[in-house]
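These numbers were taken from a predicted model, which means no experiment stands behind them.
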Amino acid sequence: MRWLGILTTTLLLIALLVTLASAQVPRRLISMSFSGWEELQELAASGVRILNYQGQVLAALATDEQVERLLSAGREVRVLDAEPDPDRYYLAYVPDGDAPIALAELDGRYPYSHGVYIVRALPWQVEGLLAQGVALVKLPRSVQLGGAQSQGIFPNLDYSPGIQAMVDVVSPTLLVGQVCKLQDDDSQAYCNSLGTRYSFATAGLNEAAAYARDTFSSYGLSVSYDPFSFNGYPMNNVVAELAGAGPNGNHVLILCAHYDSTSRDPYAAAPGADDNASGSAAVLEAARILSQHRFDRTIRFVLFAGEEQGLIGSAHYASLAAERGDLIDGVVNLDMIGYETVPPEDHIVEVHAGLDPASSALADALISNISEYGLQLAPEKLTTGATNRSDHASFWNEGYPAILGIEDMNDFNPFYHSTNDTLSNMQTSMMVEYTRACVATIAELAGEWTDQSPTATATRTATATLTPTRPLVETTVTLQGGSEDTYLYQYAATSNYCLEPLISVGYKQQNAGLVRFDVSSIEADVTVVEATLQLYVAGWGGADITVGAYGITRTVRVCEATWGEAQAGESWGLGGANDGKTDRRSAAESTVTTSGPLKWYSFDVSDLVQGWVSGELENNGVLLRAAYSMGSFRFASAENGNAGLRPRLIITYH
């Protein structure tokens, strides 16, 4: 049967070459006008890779053949960049008249729409642009248009006394207190507005994240960090979940805001009261109220970091949600909901819906509830003119319905991105009313759920009534992008490879991988239901192998580990961490037999992760060791250029 193996290998190589050839068809960065949602869908279906659309102009990647076809159809197409670099593209919103100065050092800058450029920027250049007052939005590699699972879920529901009761307990005092806490330097007197939550001011950002996590947790919600990094800075989104109790419990509604801030002196002070302690406070207050009820659908309360650097945190979260297949029925994003000029105090607010019909329906639900519950806001719905300069746009890019709630941009906050964006310059009544509108809308769409547990049958000796108990809430956390890894190579026994984009495993057991995730964000008293280590094979040597995942029992420093040493000056019991008594567990947690490259492989590490979380086992990571064979595999590492392919650890616990 040797011929069958040769044939199989040949077919795999041919398929790989065809895939690579297809990927190498050159594309150009173009811009062109479009007429509406239907035309966007037609362009996407034709293979044009849309990166952004706003107003009546779009940016896309298109092949020469596609460009020629558009030109032949009478379309005006501008080629902006003949050699695109999609991973570096940002939308740059430049202050009036400052474009030549602000963008002078970039190697790519292309006029896109009024006051907006598409630029190519490296991560280190982003901070310089922000310091000059340029607002940035990171462009995705492509935009997904619409999610079929989300259509038609927003019926016109009537006034509800139960929802009115939830609306009525929104506390202006607690909302103001949250803004004070977020804008503060905690070492100073209360409500001092001297703090910073700048994404690159790690201590301030982490303090705010921990405060949000603890606040959500105090409401009885399941809370986790969603870690990511940008420009070498680690950051965390904070995710709290109220699990759905009804038949639609696998469907999700999200209320979110960004908690980071900026100013022209962001390391010293960036109080960010309106932008965006106001939206963050609303999410925290809504969580306090809604957590006391049970709903059919799951509700997630999410606070994002990295928004001011181009929606980095929400893009990370939305991308992983789409990859997991999360059924997100709607996202309400709040950003700057606490400023208006006094007078006239006209209470005008904007609801940005965009062009997706499902997002438009979500906006209609919010606007309807403003009227239904007598709230003092004058909402205006934006479709064609909707902005993508806040975190809702990250969900649009993944095909999820989403809206932005924001104050009147024609009455713009003059303290925006300054050290004077403080509570004293806000009009908090608008924040209170917006919070009430969101409580009503999320409660209405999630559907309050009453437990219908049966009553036990009476017996001759006693009458017993079953007391309904709330089921254990399971939380699933995906850790990706924050791992440490390297590989150990027998014939380079003193070399460390922690900065390499690939992890080599196999070939006569000469290469072994080492992967470690930080799980300290998970509470020690949880029960791990399942934990899966997932690795993507980016290359191979042409033959399959069997790989085991072993818990490492010796203290390791990943970026010092070599074939000979677990850390500088401390040798393994046997080279390559191969002593089953002192280096690693003698038996693998699980094994996988591969079946070719360019796919994900999963290892069950549930017992190991339970030990790490509880503290019963020292978290030294996992050793990837192959059975003896001529085959070799190369897994994408934490340094891989494609962030979506980096190792991930998926943990479900209660």
We want to know whether [X] and [Y] form a side-chain donor-acceptor pair, criterion being a heavy-atom distance below 3.5 angstrom.
X    : Y    : value
R78  : S31  : yes
Q56  : S33  : no
Y211 : Q178 : yes
H316 : Q480 : no
D265 : S263 : no
S520 : D518 : yes

Would L320 and D226 count as a side-chain contact (heavy atoms from CB on, under 4.5 Å) if you check the C-alpha gap in whole Å, the side-chain angles of each, and the deciding distance to 0.1 Å?
CA-CA 10 Å; L320 287 183; D226 172 39; 4.0 Å; yes

Is the distance between the ring centroids of [X] and [Y] under 6.0 Å?
X    : Y    : answer
F304 : H258 : no
Y536 : F635 : no
Y489 : W563 : no
Y112 : Y117 : no

Taking [X] for its side chain and [Y] for its backbone only, find out whether a donor-acceptor pair lies under 3.5 Å.
X    : Y    : answer
Q183 : L423 : yes
N511 : S504 : no
S359 : I403 : no
N236 : V238 : no
D275 : D421 : no
S261 : G272 : no
R197 : Y259 : yes
S199 : G306 : yes

Quick one: list whatever passes side chain to side chain contact (heavy atoms under 4.5 Å, CB included) with C559, sequence neighbours left out.
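Applying side chain to side chain contact (heavy atoms under 4.5 Å, CB included) to C559 gives N496, C498.
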
Qualifying residues under side chain to side chain contact (heavy atoms under 4.5 Å, CB included), relative to S217, sequence neighbours excluded:
V223

Identified side-chain hydrogen bond (donor to acceptor under 3.5 Å, both in side chains) counterpart of D335 within the set S280, S278, S390
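Per the side-chain hydrogen bond (donor to acceptor under 3.5 Å, both in side chains) rule, the option paired with D335 is S390, out of S280, S278, S390.
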
4.5 Å side-chain heavy-atom contact, L58 and L43
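Heavy-atom side-chain distance check passes, below 4.5 Å.
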
Is there a side-chain contact between L103 and V119 (heavy atoms, below 4.5 Å)?
yes

Is a salt bridge present between [X] and [Y], judged by a nitrogen-to-oxygen distance below 4.0 Å?
X    : Y    : value
R300 : D326 : yes
D186 : K181 : yes
D87  : R141 : yes

Working note: S314 + S394, criterion side chain to side chain donor-acceptor pair (under 3.5 Å); need CA distance, chi angles, decisive distance, verdict.
CA-CA 6 Å; S314 59; S394 294; 2.7 Å; yes

If the plane angle is over 60° it's perpendicular, under 30° parallel, otherwise tilted; pick one for Y400 and F395.
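Tilted, since the angle between the ring planes falls between 30° and 60°.
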
Using the six-membered ring wherever Trp is involved, compare the ring planes of Y487 and Y497 and label them parallel, tilted or perpendicular (cut-offs 30° and 60°).
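It falls in the parallel class, under 30°.
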
Carefully, step by step, assess V239 and Y225 under the rule side-chain contact (heavy atoms from CB on, under 4.5 Å).
CA-CA 6 Å; V239 183; Y225 281 154; over 6 Å; no

Can you list the steps and then say if E407 with D274 is a side-chain contact (heavy atoms from CB on, under 4.5 Å)?
CA-CA 10 Å; E407 59 212 24; D274 187 30; 2.7 Å; yes

Let me see the working for F603 and Q534 under side-chain contact (heavy atoms from CB on, under 4.5 Å), right down to the final yes or no.
CA-CA 6 Å; F603 298 84; Q534 294 188 340; over 6 Å; no

Pick out which of D81, L61, V79, V77 makes a side-chain contact (heavy atoms from CB on, under 4.5 Å) with R28.
V79

Going by salt bridge (charged side-chain N to carboxylate O under 4.0 Å, His left out), name the residues that satisfy it together with E500, two or more places apart in sequence or in a different chain.
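Listed in chain order: nothing, the list is empty.
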
I406 CD1 to N413 CG distance, which is reported to the nearest 0.5 Å
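One finds 10.0 Å between CD1 of I406 and CG of N413.
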
Can you list the steps and then say if Q66 with D64 is a side chain to side chain donor-acceptor pair (under 3.5 Å)?
CA-CA 5 Å; Q66 291 165 342; D64 291 340; over 6 Å; no

